[in-house]
Amino acid sequence: MTQGVDCGSGVRLERNVRCAMRDGTVLVSDHYYPSGEGTHPTLLVRQPYGKEIATTVVYAHPVWFARHGYNVVIQDVRGRGGSAGEFYPFRNEGRDGFDTIEWLARRPECNGQVGMYGFSYQGLTQLLAAAERPPSLKVMAPAMTAVDLFNGWFYFNGALRLSSTLSWGIQMLREDARRLGLRDASRALERAWVNVRNESLHAPYGECPVISNYVVDWIRHNSPGEYWSSQDVSEKLSQITIPALHVSGWNDTYLKGSVDGFDALRAIAPDQYLIAGPWIHIPWGRRVGDQDFGPEAELDTDAILLRWFNHWLKGSGEFSGEPPIRHFVIGRNEWRSASRWGSGELIFYLQSDGNANSSKGAGVLTGELPESDQGRDIFVYDPEVPVLAPAGSDQSILEQGNNLLVYTTAPLENAIDVLGRPKLCLHASSSALQTDFVGKLIHVSKNNRATLVSVGVARSQYLFPEYKADRIHCWEFEFEPISVHFPAGDRVRLEIASSAFPLFDRNPGNDTHPADADHWTWIRSTQMILHDAKHPSCLIVPVP
């Protein structure tokens, strides 16, 4: 090791350490070494955002972990930062991760044991490396990521997560343009980045002038298949056997992907743990929009991460006795432990007199099965004027429109805690050749604030092998997982629409690829919801 830069407390930094991959491509990394003689375990972060940033947007600086007795290595992935090669997200991270881990284990400062941490893309670099089974990788901590790119990162039951896909794609392409010296492309991407939310408004979004390369591939491959599985670990789960500490956020873009990953690995691998807080993707704190979840939401994830690695890499035993699931209960604003998701369920049946449109309508949720025929609830879906997914959590203004249906319980006699994935069973028909249905679980407080709790969407092309217009189909799909408390006196509400834009892309109503659709091809449709004795549409919520 060279003398390096003094980071205080005996920690030294060696910059731009070179490592050759099996194909000769050289990747670079910054190495932080703890004080003292001898060897130590090594913690590795592999990421595409610049090794100087490391993962400091949510975790402590690498110097902090080095002060606690770890070598910490932050590597630029292939084609990013100072590393050579061409960047295509996810494609090379398994092999490059394996080569890097085994190279680190052989270095003189390492005792042969390597752990990985990081969130988002850095979370998937861990999973992809673990699936290659490098002998020296002993433990990992993937946060806010996904094992299945199609179902957990980019799409939800066939609907593209439009705003997050375009915004992250533009973020990645900006660096590519600068790296390649493409000034015109760089200027266009910077203009888009300044007002990135408006990029979702571009129609057709597939012709958005600043997207190219892999972003085009993401939106064109709108069904599961080899394109996606070749880049994730969805078909390699059995090859991942090391302990993992998963972290997710109830308000994170990749919530479903993260929790699905925990559940999938827990079924086949020992020592899988989950921490689920109320957080968005960045930052992890007590506030989300206009909501304040209190001081308990400010969990010390750095201290937990240190305990995790001390347990597995130093044999401290300090993670012993931790529950498999540690979840923040929104509404109670406190942490609780669980060994599994909800073991029971409550069923709320949709009922109305045939006019459940808007919060002024007659839609109700009740525990009683409908005993007689009821009028169908009808709304019109217009892709040109979609139901929006508002930036804030309060849905009250949105619920005044007749282009969605609203069903609400009476004030609750007893409090309800929900833990897990709510599910919608919807008997519905549409006049369109293709369509979507969106469900939202809403908490209505005593002052009539309507707070979004969880959302789910399904696309006919994805859900049904043989979908027909004007035919009644039973739409069954899950929402995002959640832990939430409904106090006595408050109400449970369900919203039903056919869009949640720009959270998800618009279904054009026909066989046009959604990325190619605009006002020339969008089709308005009539949506009918049935809730009678033969068609008991219902909302199912899991309870502890």
Side-chain angles (χ1 to χ4, degrees), residues 1-2 4-21 25-35 40-85 87 89-90 92-94 96-107 109-110 113-130 134 136-145 171-172 175 179 245 247 282 301-302 305-306 308-309 313:
M1 184 189 79
T2 60
V5 177
D6 182 2
C7 296
S9 303
V11 175
R12 310 295 296 183
L13 164 62
E14 183 181 7
R15 294 194 177 102
N16 299 316
V17 182
R18 295 163 59 87
C19 174
M21 301 293 100
T25 302
V26 174
L27 309 188
V28 300
S29 50
D30 287 348
H31 293 222
Y32 299 82
Y33 305 104
S35 63
H40 301 84
T42 295
L43 302 181
L44 169 65
V45 175
R46 304 190 66 252
Q47 55 105 324
Y49 304 111
K51 55 185 172 25
E52 297 79 12
I53 295 175
T55 190
T56 55
V57 291
V58 292
Y59 286 126
H61 194 277
V63 169
W64 187 84
F65 291 101
R67 285 203 302 262
H68 287 86
Y70 290 93
N71 307 306
V72 185
V73 175
I74 313 297
Q75 185 182 66
D76 288 332
V77 301
R78 179 182 296 247
R80 305 292 281 190
S83 293
F87 177 67
F90 317 112
N92 298 292
E93 307 305 1
D96 289 353
F98 181 102
D99 293 351
T100 300
I101 289 163
E102 293 309 304
W103 167 70
L104 289 173
R106 294 190 299 268
R107 286 177 60 86
E109 71 274 5
C110 183
Q113 297 195 96
V114 178
M116 294 185 75
Y117 74 101
F119 87 117
S120 197
Y121 194 94
Q122 302 98 297
L124 198 47
T125 61
Q126 298 172 60
L127 294 163
L128 288 162
S136 304
L137 182 62
K138 306 301 181 183
V139 62
M140 62 181 173
M144 294 186 175
T145 189
Q171 180 186 0
M172 295 292 98
E175 172 64 23
R179 184 183 179 90
L245 175 62
V247 179
I282 306 171
T301 49
D302 296 320
L305 203 58
L306 184 63
W308 172 253
F309 286 124
L313 296 178

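Source: prediction; values computed, not measured. Numbering starts at 1 and runs along the sequence shown.
- The distance from atom CG of Asn92 to atom CG of Asp99, rounded to the nearest 0.5 Å, is 10.5 Å.
- Side chain of Trp308 to main chain of Met140: a donor-acceptor pair is present (N/O by atom type, distance under 3.5 Å, no hydrogens or angles).
- For Phe65 and Tyr59, the distance between ring centers is not under 6.0 angstrom.
- Between the side chain of Asp76 and the backbone N or O of Ser29, no donor-acceptor pair lies under 3.5 Å.
- Cation-pi contact between Arg12 and Tyr33: absent, since separation from the ring centre below 6.0 Å together with deviation from the ring axis within 45° is not met.
- Cys110 and Leu104 get closest at one heavy-atom pair: CB-O, 3.3 Å.
- Ring geometry, His61 versus Tyr32: the interplanar angle exceeds 60°, so the pair is classed perpendicular (tilted spans 30 to 60°).
- Side-chain atoms of Tyr117 and Gln122 form no donor-acceptor pair, as typed in the model, at a separation below 3.5 Å.
- Here the CD1 atom belonging to Ile101 is positioned 11.5 Å from the CZ atom belonging to Arg106, to the nearest 0.5 angstrom.
- Expressed to the nearest 0.5 Å, how far OH of Tyr49 lies from CE of Met172 amounts to 4.0 Å.
- Taken to the nearest 0.5 Å, the CG atom of Leu27 stands 6.5 Å off from the SG atom of Cys19.
- A salt bridge is defined here as a Lys NZ or Arg NE, NH1 or NH2 lying under 4.0 Å from an Asp or Glu carboxylate O, and Arg78 with Asp96 meets this definition.
- One finds the CG atom of Leu313 at 12.5 Å from the NE2 atom of His40 (value rounded to the nearest 0.5 Å).
- Listed here is the closest heavy atom pair of Gln75 and Val28: CG-O, 3.4 Å.
- Summarising the geometry of Ala129 relative to Pro134, their closest heavy-atom pair is O-CD, 3.1 Å, with the distance given to 0.1 Å.
- Side chain of Gln47 to main chain of Gly50: a donor-acceptor pair is present (N/O by atom type, distance under 3.5 Å, no hydrogens or angles).
- Minimum heavy-atom separation, Thr145 to Leu124: OG1-N, 3.2 Å.
- For Arg18, the CZ atom counts as loosely surrounded, since its 6.0 Å shell holds 12 or fewer non-hydrogen atoms of other residues, nucleotides or ligands.
- Side-chain polar atoms of Ser136 and Glu102 form a donor-acceptor pair below 3.5 angstrom.
- With respect to the salt-bridge test (charged N to carboxylate O, under 4.0 angstrom), the residues Glu175 and Arg80 do not qualify.
- Listed here is the closest heavy atom pair of Ile74 and Lys51: CG2-O, 3.4 Å.
- With sequence neighbours excluded, no residue forms a ring-ring contact (aromatic ring centres under 6.0 Å, His included) with Phe309.
- Listed here is the closest heavy atom pair of Leu306 and His68: CD2-CD2, 3.2 Å.
- Under the 3.5 Å distance criterion, the side-chain polar atoms of Asp30 are matched with a main-chain donor or acceptor of Asn16.
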